[in-house]
Structure formats: structure tokens, C-alpha cells
Engineer: 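Below is one structure. I have some questions about it.
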Amino acid sequence: MAPIFPCLLPESRVFILLHICDMLRFILDMLRSRSPSTVAAYEDYFRYTSGRWLHDEQRQQRLRYQRFNVDALKCMAMKSVKADGVDSIYKLGEGRCNKAFRVQLTNGRQVIARLPTPLSGPQHLVTASEVATMRFLRERLGLNQVPRILSSSSRASETPVGAEFIIMDVADGIELHTVWPRMSMRQKIHLVHQWFSFESKIIDAFSGGGYGSLYYRKDIPVHLSRDVFLNGTKDDEFVLGPCTQQVGYWEDRYGSPTDIDLDRGPWADVSSYLASITNCERTWIAKYAKAPAPKFVAPWVPPPHLQIPEDHIALLNAYDKIAKYFIPRDERLNRPCFTLHDSNPGNIFLSREAFERDGTVEISAVIDWQHTAILPLYLTARIPRFINSADPAPGQKEEDFEKEQAYLQKAYHALYFETNKDVVWASALALNGNVNMTQRLPRTAQLCWAGGYPYLKRQLVRTMLEWQQIAEWQQIDGSAVECPISFSEQDVAQVPEDVRAWEMMEDARWDLEKRIGVEVDGWVEPEDFERALQTNNRLRDEWETSVKVDNVGVTDSDIEGVWPFAGNN
């Protein structure tokens with residue numbers, strides 16, 4: 001029989017035949033994946049299964065639902081490590097913004113496949129930025145604790161998977177949160193040292209260029225990119241692009257609007273970045289926010305007079321007038337710097353071998369680089385979350401826990417300050433929760449409608465009352481430059497009352513969630529759903545009865561929709 005490819009060398013023919021076999025197998029996989037029975041079997045992969053909601057569950061599920069071709073994802077995993085088959089795939093975990101699957105290959109390798117949910121943000125950008133960030137950290141900065149990416153696609157339409165994905169090495173080791181409560185103080189101090197060695201390389205990576213999120217140059221149009229500089233030299237491969245940070249620019253807090261024009265960066269200077277924060281909040285409020293008109297105000301409902309859209313917009317306009325006076329004059333504090341806000345103990349892994357051998361603490365992996373941004377240093381410097389968000393160990397006295405927290409915070413600060421590694425970073429840290437106005441103002445402006453209005457107003461009133469001191473601090477001639485904003489005596493007197501009212505509302509909401517046994521938005525673990533539902537219904541009925549008894553004339557229509565967890569209709 002004559003050769004199929006007579007003009008090719010034998011090794012070339014073998015390569016083409018193997019390629020054809022791969023394609024045929026891939027096509028068969030595609031055909032299998034389209035069968036109704038297979039799709040139904042994979043439904044739990046697509047939908048969110050890690051929790052339930054007592055209210056608006058259909059919408060919450062829809063925002064986390066991600067359909068994809070499971071068999072195509074298996075093929076991508078096989079190709080990424082040159083395996084000839086998949087033994088198993090299962091959902092390892094999921095959050096509001098991504099799903100993670102562990103894939104066991106027939107050659108003994110395991111990989112992690114992560115897919116973003118609709119809640120994660122804009123198509124292409126979130127995945128493209130995460131890939132660029134992880135590869136930059138690992139390949140440019142030599143941080144092997146960042147998992148190696150084996151394969152990825154940031155464009156769902158260009159992959160048979162039908163969804164964006166990242167395939168990476170498994171983060172080997174022990175999750176920090178599983179051992180933190182039983183770690184000794186000596187071990188915790190050593191972990192802080194380990195984190196310092198890892199983190200200090202990241203926060204010192206950039207020397208200029210602006211602010212935004214990191215991308216490969218090829219993934220971002222020229223008009224949406226800015227050059228980045230490492231040690232004063234322009235980088236040829238990486239650029240800054242639109243910010244993928246969740247707060248404000250893309251998040252679902254307001255429904256992820258796509259029909260409003262927001263400045264998502266990149267930004268050339270701090271002023272532009274700060275202006276984008278208020279632009280984002282003001283634009284959404286102007287288009288979507290509505291003043292409440294409740295017939296009955298429950299304790300957990302925001303006070304109506306603090307939810308008037310025009311007042312929020314006026315407050316944001318006032319902040320714009322003074323924002324420039326709170327930009328640090330020391331340019332070192334404005335250095336572009338990676339945000340590391342997700343340094344929680346669930347994302348940090350310790351070497352299992354070292355820990356189980358003699359208790360040695362070695363960071364083996366740091367995961368979850370989704371939504372990482374590069375922002376001004378003074379707004380990114382924070383004590384790591386694995387310190388600040390830690391819970392007391394079982395049986396630990398509150399006093400001992402607070403002393404431990406304070407000691408770990410001081411140890412972290414000392415590693416930057418006393419070693420002279422980065423005194424600027426150390427100076428920007430908010431020890432003991434003491435966040436200064438320079439840092440607090442942008443954060444409260446960014447959350448104005450959802451919860452920052454009384455706090456932003458308090459800070460702006462303080463600015464007016466303390467203008468002379470602020471002007472001196474910023475080296476402004478306070479006698480020549482009048483305070484750009486003003487408030488009436490009534491406004492000033494009203495601030496403490498408004499803050500108390502808001503705090504009481506938040507406390508009432510938190511207390512109700514605790515009594516029912518749910519978290520924010522009524523989320524509860526699946527196995528606890530029925531219990532929480534029964535408790536919720538009982539408390540709602542008791543509340544409705546008491547309201548009608550204590551408030552003569554109140555009807556069912558007056559309190560309809562007031563209970564925060566009204567059901568899933």
C-alpha cells in the first residue's frame with residue numbers, strides 16, 4: 001500500500017497521523033459532550049452548589065452559573081501536561097467569582113482548572129489580567145509560590161471549552177487556615193517573616209507608569225494601555241490596562257451595569273484615579289438609585305434620609321473639591337504598587353513535608369490573583385489579612401488573642417521599617433486600625449451609596465473644621481486658600497446622629513443574620529438551609545405580629561417587602 005503522505009519524511013508522517021488521531025478523539029469528545037444525558041450529569045459543575053440563599057436565590061444562582069464543555073476542558077488539561085487521558089474531574093471549590101476543578105490525569109499528574117463566573121467582571125479582561133499577573137510574579141520576580149499556568153484562554157469564543165479558563169499546577173501543601181489555630185507564636189512569627197520575604201518583592205516591582213491592572217501587551221488595545229516601568233526601564237511585554245478590581249468598577253453590588261460609561265483606567269496619576277472613584281459612584285447613583293419611600297422603617301433598613309440620591313451626589317461633588325489636598329506630597333507614597341488585599345489564610349499554603357516533619361513553616365503556594373490591581377502605595381499598604389482577620393483559637397482568652405494580634409502586627413511593621421527594607425510601606429500601614437484621612441476618604445467615597453454616606457460626610461465636615469491644620473500638613477497657605485467646601489451648623493450637628501443611626505441599622509441587620517444563622521445576602525450552607533428557612537419564617541411571623549400590635553393602623557401592605565429575607569419567589 002502506498003504511503004498516505006509520499007512526499008514527507010517518515011517522522012513527519014508520524015507526526016501528522018498523531019495529530020489527526022488527536023483531532024478525531026477531540027471531535028468524538030465534542031459529540032459525546034452534546035448528549036442530553038451528559039449535559040445533565042454535569043449540571044452541578046455549571047451551577048453554584050456550595051450554598052443556598054433565603055432571598056432572591058434564582059438571581060444569585062444565575063449570577064454564578066457558568067456553562068462550559070466539560071470534555072473539552074478535559075482535553076485542554078490532557079494537552080497541558082501531555083497526558084493521554086483523564087481519570088477523574090471534580091469541583092474542588094467555588095466562590096462568587098470562580099469555580100475550581102481538580103483534574104486527575106492518567107499519567108499520574110493533577111492540575112487545577114479555574115473558570116470565572118459572570119460575577120467576576122468583564123469578559124476577557126479579568127482572565128487576561130490574572131494570567132499576566134501570575135506569570136509576571138512567577139517568571140519576572142521568581143516567585144515560585146505562585147502556581148505555574150499550563151494553559152489558558154481569556155476569550156470564550158476562541159476555545160472549544162466555550163468559556164474562559166486557566167489550567168495551572170496544583171497548589172501543594174496545607175491550607176494555612178486549617179493549622180493556624182494550633183500554631184505556636186514562634187511558628188506564626190516565622191510565617192510573618194516568610195510572608196515578608198514573598199510580599200516585599202511584589203510591592204517593590206514597579207517604579208512608574210501609572211495605575212490599573214497588568215496585562216500582556218498583545219491582549220490590550222493601544223488606546224487602553226499604558227507602559228509600565230521596572231527599575232526605571234519600560235517593559236516590552238507587559239502593560240497597564242483597565243482596572244479589574246471588584247470594588248466599584250465591575251462588581252455586582254449594583255447589578256454590574258454595562259450601559260454606563262465609567263473611567264476604568266489605566267490612569268496616569270493619582271488625581272485621575274481618585275476622580276474615577278467618584279465618577280463611578282456618581283454615575284451609577286444618577287442613573288439607577290432611587291430614594292426609598294417605605295411605609296414602615298424597620299431597624300435593619302437604611303434610614304430614608306440617608307438614601308437620597310441627590311444628597312449622595314452632592315457629597316461626592318464636595319469630595320472632588322478637596323481630593324487633591326489629600327494626595328501625599330511625598331511621591332514615594334504614590335509609587336505604583338500591587339494590591340495584596342486577598343492575603344487570607346485560605347489562599348496561603350504551607351509545605352506539608354516541612355510542617356509535618358518538625359513544625360517548620362514554609363510558604364509553598366499563594367493562590368487567587370484574580371482582580372489584582374496596581375494602585376498608589378498609600379492606598380494599598382495593609383497588614384496581611386491572615387493576621388488582621390484571624391479568629392481566636394478555641395479556648396483562647398480575648399485578652400491573650402488581642403496581645404497576639406498586636407505583636408504580630410508590630411513584627412510585620414518592624415520587618416519593613418527597622419530593617420530599612422521599605423520604610424515608606426511601613427509608614428503607610430494602619431496599625432491598630434488607625435486609618436488616616438488620606439486613606440479613609442477614597443474608601444468611603446467608593447462605597448457612598450452602599451454604606452459610606454454618613455462616614456464620608458463625617459470626614460468632609462472634619463476637613464472643613466480642621467482646614468487650617470490640614471493646610472499646614474499639606475504645606476498649603478491656609479490663609480490664602482480657603483476651604484473649598486462648607487456645611488451649615490445644622491449639617492455639622494446632624495453628623496453624629498446620622499453615624500449612630502447607620503451603625504444601629506448595621507448592628508440590627510447583623511443581629512438578625514446571626515439569629516437566623518445566615519451570612520450577607522442570606523447565604524447559608526446547603527445542609528443548614530431548611531433549619532435557617534424555618535427560623536427565618538418563625539422570626540418573620542413574630543416580627544409582623546409585634547409590629548401590628550405596637551403600631552395601630554399598620555397593615556400587611558405597609559410592611560410588605562420590609563423583611564430582608566422574604567423568600568425566593
Side-chain angles (χ1 to χ4, degrees), residues 92-93 100 102 108-112 133-134 136-150 168-205 338 340-369 372 381-397 400-422 425-426 429 431:
L92 182 64
R102 185 184 289 264
R109 289 286 304 276
Q110 290 186 351
V111 297
I112 299 297
T133 298
M134 292 178 68
F136 176 88
L137 295 174
R138 185 179 177 89
E139 298 166 12
R140 287 295 180 85
L141 302 186
L143 296 172
N144 293 329
Q145 298 94 332
V146 177
R148 180 175 49 138
I149 293 179
L150 305 170
M168 66 186 80
D169 282 332
V170 174
D172 286 324
I174 305 170
E175 290 186 43
L176 176 59
H177 74 90
T178 64
V179 296
W180 177 269
R182 56 187 173 92
M183 285 171 58
S184 68
M185 193 62 176
R186 183 186 182 92
Q187 288 174 313
K188 291 178 180 179
I189 290 293
H190 190 66
L191 174 63
V192 173
H193 278 260
Q194 287 265 305
W195 181 258
F196 162 75
S197 298
F198 174 81
E199 178 191 63
S200 58
K201 295 177 184 177
I202 298 175
I203 65 175
D204 195 36
F338 268 116
L340 290 169
H341 293 169
D342 213 11
S343 54
N344 70 67
N347 291 337
I348 300 171
F349 292 73
L350 307 181
S351 168
R352 183 179 301 277
E353 179 185 1
F355 194 84
E356 293 180 349
R357 182 186 65 240
D358 56 11
T360 297
V361 173
E362 294 179 2
I363 295 178
S364 58
V366 181
I367 65 170
D368 198 356
W369 298 93
T372 303
R382 293 186 182 180
I383 303 291
R385 287 186 64 186
F386 69 82
I387 297 176
N388 271 4
S389 299
D391 294 320
Q396 185 178 24
K397 294 180 180 179
D400 293 338
F401 173 70
E402 291 177 357
K403 288 180 180 179
E404 179 182 285
Q405 291 288 90
Y407 190 86
L408 292 174
Q409 289 178 2
K410 290 176 182 177
Y412 174 79
H413 178 272
L415 284 169
Y416 281 101
F417 188 80
E418 295 183 10
T419 64
N420 207 36
K421 175 63 178 178
D422 198 330
W425 179 268
L429 294 173
L431 292 174

Engineer: About how many Å separate NZ of Lys397 and CD of Glu404, when rounded to the nearest 0.5 Å?
Structural biologist: 14.5 Å

Engineer: Please confirm whether the ring centroid of Tyr416 lies under 6.0 Å from the ring centroid of Phe196.
Structural biologist: yes

Engineer: Test: salt bridge (charged side-chain N to carboxylate O under 4.0 Å, His left out). Region: residues 382-391. Which pairs qualify, not counting sequence neighbours?
Structural biologist: Asp342-Arg385

Engineer: Which of parallel (below 30°), tilted (30 to 60°) and perpendicular (above 60°) describes Trp180 and Phe386?
Structural biologist: perpendicular

Engineer: I want to check something: taking the side chain as every heavy atom from C-beta on, are Met168 and Met134 in contact at a cut-off of under 4.5 Å?
Structural biologist: yes

Engineer: If you define the side chain from C-beta out and look only at heavy atoms, does anything of Ile363 sit under 4.5 Å from Gln145?
Structural biologist: yes

Engineer: Mind checking what makes side-chain contact (heavy atoms from CB on, under 4.5 Å) contact with Glu362, not counting sequence neighbours?
Structural biologist: Gln194, Ser351, Ala354, Thr360

Engineer: Within the 4.5 Å heavy-atom criterion, are Tyr412 and Trp195 side-chain neighbours or not?
Structural biologist: yes

Engineer: So if I apply the side-chain contact (heavy atoms from CB on, under 4.5 Å) rule between Phe349 and each of Val366, Ile367, Asp172, Ile174, which one comes out positive?
Structural biologist: Ile367

Engineer: Is there a donor in the side chain of Asn388 and an acceptor in the side chain of Gln409, or the other way round, less than 3.5 Å apart?
Structural biologist: yes

Engineer: Once rounded to the nearest 0.5 Å, what's the spacing between atom CG of Asn347 and atom CG of Asp368?
Structural biologist: 4.5 Å

Engineer: Should Leu176 and Asn344 count as side-chain neighbours, where that means a heavy-atom distance under 4.5 Å?
Structural biologist: no

Engineer: Pick one: which of Arg186, His193, Gln187 meets side-chain contact (heavy atoms from CB on, under 4.5 Å) with Ile189?
Structural biologist: His193

Engineer: Would you please classify the geometry between the Phe198 ring and the Trp369 ring as parallel, tilted or perpendicular, with 30° and 60° separating the classes?
Structural biologist: tilted

Engineer: Quick one, Arg102 and Ile112 - any side-chain contact, counting heavy atoms below 4.5 Å?
Structural biologist: yes

Engineer: Do you know which two heavy atoms are closest between Glu199 and Leu340, and how far apart they sit?
Structural biologist: CG-CD1, 3.4 Å

Engineer: Would you indicate whether the side-chain heavy atoms of Thr133 and Val146 approach each other to under 4.5 Å?
Structural biologist: no

Engineer: Look up atom CG in Asn144 and atom CG in Leu137, then write down how far apart they are to the nearest 0.5 Å.
Structural biologist: 11.5 Å

Engineer: Verify whether one side chain among Glu402 and Tyr407 offers a donor that lies under 3.5 Å from an acceptor in the other.
Structural biologist: no

Engineer: To the nearest 0.5 Å, how far apart are CD in Gln110 and CG in Leu92?
Structural biologist: 9.5 Å

Engineer: Taking the basic N atoms (NZ, or NE/NH1/NH2) and the acidic carboxylate oxygens, is any pair closer than 4.0 Å for Asp169 and Arg109?
Structural biologist: yes

Engineer: Is the shortest heavy-atom distance from the side chain of Ile203 to the side chain of Phe338 under 4.5 Å?
Structural biologist: no

